Amino acid sequence: PYRLGPKISDWDSQREAWNGLNPGRNVTVSGKAKTLLVSGSQPGPCANPMGDFYHLKFLKNRIDYARLHGLEFFYNMATFEKEMSSFWAKLPLLRKVMLNHPDVEWVWWMDSDAIFTDMTFEMPMEKYGKSNLIVHGFHNLLYEQHRWIGLNTGSFLIRNCQWSLDLLDALAPFGPEGSARVEAGKLFTEKLVDRPAFEADDQSALVYLILYGDPKWKEYTHLEWEFFLHGYWKYVVYNYEELMAKNHPGYGDERWPFVTHFVGCKPCKVGESEDGENDECFIQMERAFNFADNQVLEKYGYTHSALSSFMTHKIRRDTSDPLGLQHLSARRSKLAAAK
Ligand code: UDP
Ligand code: MN
């Protein structure tokens with residue numbers, strides 16, 4: 001079967017040895033295990049220029065989130081293995097990233113069609129213990145109902161360790177373009193509930209391995225459902241205005257979704273998608289971007305005039321005392337005089 005590369009079976013000790021030899025490459029940032037945010041999109045231009053426009057906006061959103069939270073960020077537009085095209089491109093990429101960043105503990109994959117919509121929320125890493133894969137999903141949908149949407153692979157964290165290399169190796173044989181992918185697609189459609197007939201995808205492969213593969217896949221996977229590590233766009237985008245009126249960023253859940261993921265949208269496709277949904281995708285991508293961008297622009301004193309608008313306006317008067325220092329020293333002298 002297809003392989004991603006030479007078998008590595010002692011990665012944990014290789015990593016440890018390398019980190020021992022390179023103490024300058026800190027494995028922690030401000031006391032937290034180092035996390036590398038990774039995303040990417042296709043090497044060529046989108047057939048629909050609007051698709052590239054939204055890839056750029058979503059990329060800007062990731063740059064903002066990474067900057068605000070001290071994450072390193074890698075955006076890839078190269079095809080690493082030509083058999084591993086489309087949604088399978090993340091597999092060889094994740095392997096390469098792990099092997100070439102031994103100082104990084106967590107790799108955080110985000111699809112190009114997913115966007116951070118809570119710019120304040122941070123992953124509660126302390127709760128994951130020995131888990132090696134953090135993925136959004138629901139216990140009943142996955143373990144009881146065996147549904148192919150029991151979890152979602154649009155935004156997940158995977159630990160840089162042997163278990164993860166083994167998982168990538170176990171997923172890889174389902175991915176090669178052509179008959180392997182077509183045959184695996186048939187298997188997944190047969191085994192997983194409500195899966196339409198189409199070629200194998202990485203999400204179905206993961207669900208399949210967790211349900212039918214070695215028990216260690218389930219054992220070290222943490223299904224996150226307490227906040228939207230992935231939020232299906234149709235469930236969240238229509239609530240943004242109500243959330244802005246009632247809540248504030250920082251929750252990551254229904255009150256302020258952490259990630260909005262445009263599953264099923266085909267931004268590169270020209271014309272209507274089969275279900276006539278692409279126009280709605282673009283309208284909602286713009287709204288999601290502006291919802292997130294307001295949280296970034298706030299610091300600079302601007303906001304979008306409406307979620308549907310790329311136009312912005314000022315929300316604060318400019319001042320000659322931007323840092324509030326004059327105001328502070330005036331208060332101090334008042335206090336001193338009062339003593
Ligand atoms: N992708 C990539 N390189 C490619 C094609 C796709 O890195 O050449 C990534 C891209 O980030 C994309 C992801 O694969 O978002 C998964 O595909 P998609 O989002 O279309 O799947 P969906 O979430 O709609 O099931
Ligand atoms: Mn996606």
Side-chain angles (χ1 to χ4, degrees), residues 4 36-48 50-63 73-97 107-117 135-137 147-156 158 168 171-172 174-177 181 185 188-189 192 194-207 228-237 257-270 273-275 277-278 280-282 284-285 288-289:
L4 291 169
L36 177 64
L37 180 63
V38 180
S39 184
S41 49
Q42 85 293 339
C46 274
N48 185 348
M50 283 291 277
D52 282 327
F53 178 57
Y54 283 102
H55 279 161
L56 177 61
K57 284 197 162 191
F58 281 26
L59 170 59
K60 178 226 179 313
N61 165 270
R62 280 182 250 289
I63 293 172
F73 176 43
F74 177 49
Y75 195 84
N76 178 58
M77 298 180 85
T79 303
F80 280 1
E81 299 289 332
K82 71 173 185 337
E83 300 90 335
M84 294 305 219
S85 49
S86 75
F87 20 66
W88 290 93
K90 67 186 87 161
L91 264 69
L93 174 58
L94 289 173
R95 177 179 161 105
K96 288 278 196 259
V97 162
V107 181
W108 185 345
W109 170 260
M110 242 177 118
D111 272 11
S112 57
D113 60 351
I115 180 170
F116 290 105
T117 38
V135 61
H136 187 269
R147 304 234 306 176
W148 82 291
I149 53 159
L151 57 74
N152 187 282
T153 50
S155 163
F156 61 86
I158 186 164
L168 295 176
L171 291 167
F174 302 114
E177 218 177 285
R181 195 183 292 181
F188 297 159
T189 298
L192 307 180
D194 282 351
R195 186 183 191 272
F198 71 108
E199 57 174 23
D201 61 309
D202 61 310
Q203 177 172 306
S204 299
L206 180 61
V207 170
F228 288 121
L229 177 54
H230 135 96
Y232 182 43
W233 65 282
K234 288 188 184 173
Y235 293 157
V236 300
V237 296
F258 185 27
V259 170
T260 301
H261 179 196
F262 287 85
V263 187
C265 292
K266 295 284 163 259
C268 279
K269 223 180 137 178
V270 186
S273 48
E274 280 127 63
D275 37 17
E277 203 165 73
N278 251 357
E280 183 63 5
C281 286
F282 286 132
Q284 298 307 332
M285 283 179 177
F289 174 83

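Only a predicted model underlies this, so the values are computations on that prediction, with no experimental measurement involved. Quick note: residue numbers are just sequence positions, from 1. All heavy atoms count here, side chains included; hydrogens, waters and symmetry mates do not. Indexing begins at 1, ligand by ligand and atom by atom, following the structure's order.
- Closest to atom 25 (O) of ligand 1 among all protein heavy atoms lies V263 CG1, 4.3 Å.
- Proximity of the aromatic rings of F289 and F58 is defined here by a centroid distance below 6.0 angstrom, and this criterion is not met.
- Residue H261 approaches ligand 1 through these ligand atoms, each under 4.0 Å from one of its heavy atoms: 23 (O).
- Listed by atom number, the atoms of ligand 1 under 4.0 Å from K266 heavy atoms are 20 (O), 24 (O).
- Heavy-atom distances between S39 and ligand 1 stay at or above 4.0 Å for every pair.
- Distances from the Mn ion (ligand 2) to each N, O or S atom of D111 single out OD2 as the nearest.
- With a 4.0 Å cut-off on non-hydrogen atoms, S41 touches ligand 1 through its backbone and not its side chain.
- Using cut-offs of 30° and 60° for the angle between ring planes, the F258 and F116 rings count as tilted.
- Of the possible donor and acceptor atoms, none in the side chain of E83 sits under 3.5 Å from a partner among the backbone N and O of E177.
- Note that CZ of F262 is 7.0 Å distant from CD1 of I115, once rounded to the nearest 0.5 Å.
- Between E280 and K234 there is no salt bridge, since no side-chain nitrogen of the basic residue lies less than 4.0 Å from a carboxylate oxygen of the acidic one.
- Looking at D113, its N, O or S atom nearest to the Mn ion (ligand 2) turns out to be OD1.
- For atom 11 (O) of ligand 1, the closest heavy atom belonging to the protein is G40 O, 2.6 Å.
- Of the protein's non-hydrogen atoms, the one nearest atom 1 (N) of ligand 1 is S86 O, 3.9 Å.
- Taking the ring centroids of F188 and F174, they lie under the 6.0 Å cut-off.
- Only the side chain of W109 comes within 4.0 Å of ligand 1, judged by heavy-atom distances.
- Atom 12 (C) of ligand 1 has as its closest protein heavy atom S112 OG, 3.4 Å.
- Once rounded to the nearest 0.5 Å, the distance linking CG of L91 with CG of L168 reads 5.0 Å.
- Atoms of ligand 1 found under 4.0 Å from any heavy atom of A89, numbered from 1 in the order shown, are 2 (C), 3 (N).
- Of the candidates L93, D113, T153, it is D113 that places a heavy atom closest to atom 22 (P) of ligand 1.
- Here H261 meets the criterion, with an N, O or S atom under 2.8 Å of the Mn ion (ligand 2).
- Between H261 and H230, the two ring planes are perpendicular [angle over 60°; tilted spans 30° to 60°].
- If you take NZ on K90 and CD1 on I158, they are separated by 11.0 Å, rounding to the nearest 0.5 Å.
- Here the heavy atom of the protein found nearest to atom 16 (C) of ligand 1 is D111 OD2, 3.5 Å.
- The atoms of ligand 1 that sit less than 4.0 Å from any heavy atom of Q42 are 3 (N), 4 (C), 8 (O).
- Between K57 and D52, no side-chain nitrogen of the basic residue sits less than 4.0 Å from a carboxylate oxygen of the acidic one, so the salt-bridge criterion is not met.
- Short contacts between ligand 1 and G264, defined as distances under 4.0 Å to a heavy atom of the residue, involve ligand atoms 24 (O).
- Checked for salt-bridge contact, K266 and D113 miss the test: no charged N lies under 4.0 Å from a carboxylate O.
- Between the choices W88, F87, F80, the shortest heavy-atom distance to atom 14 (O) of ligand 1 belongs to F87.
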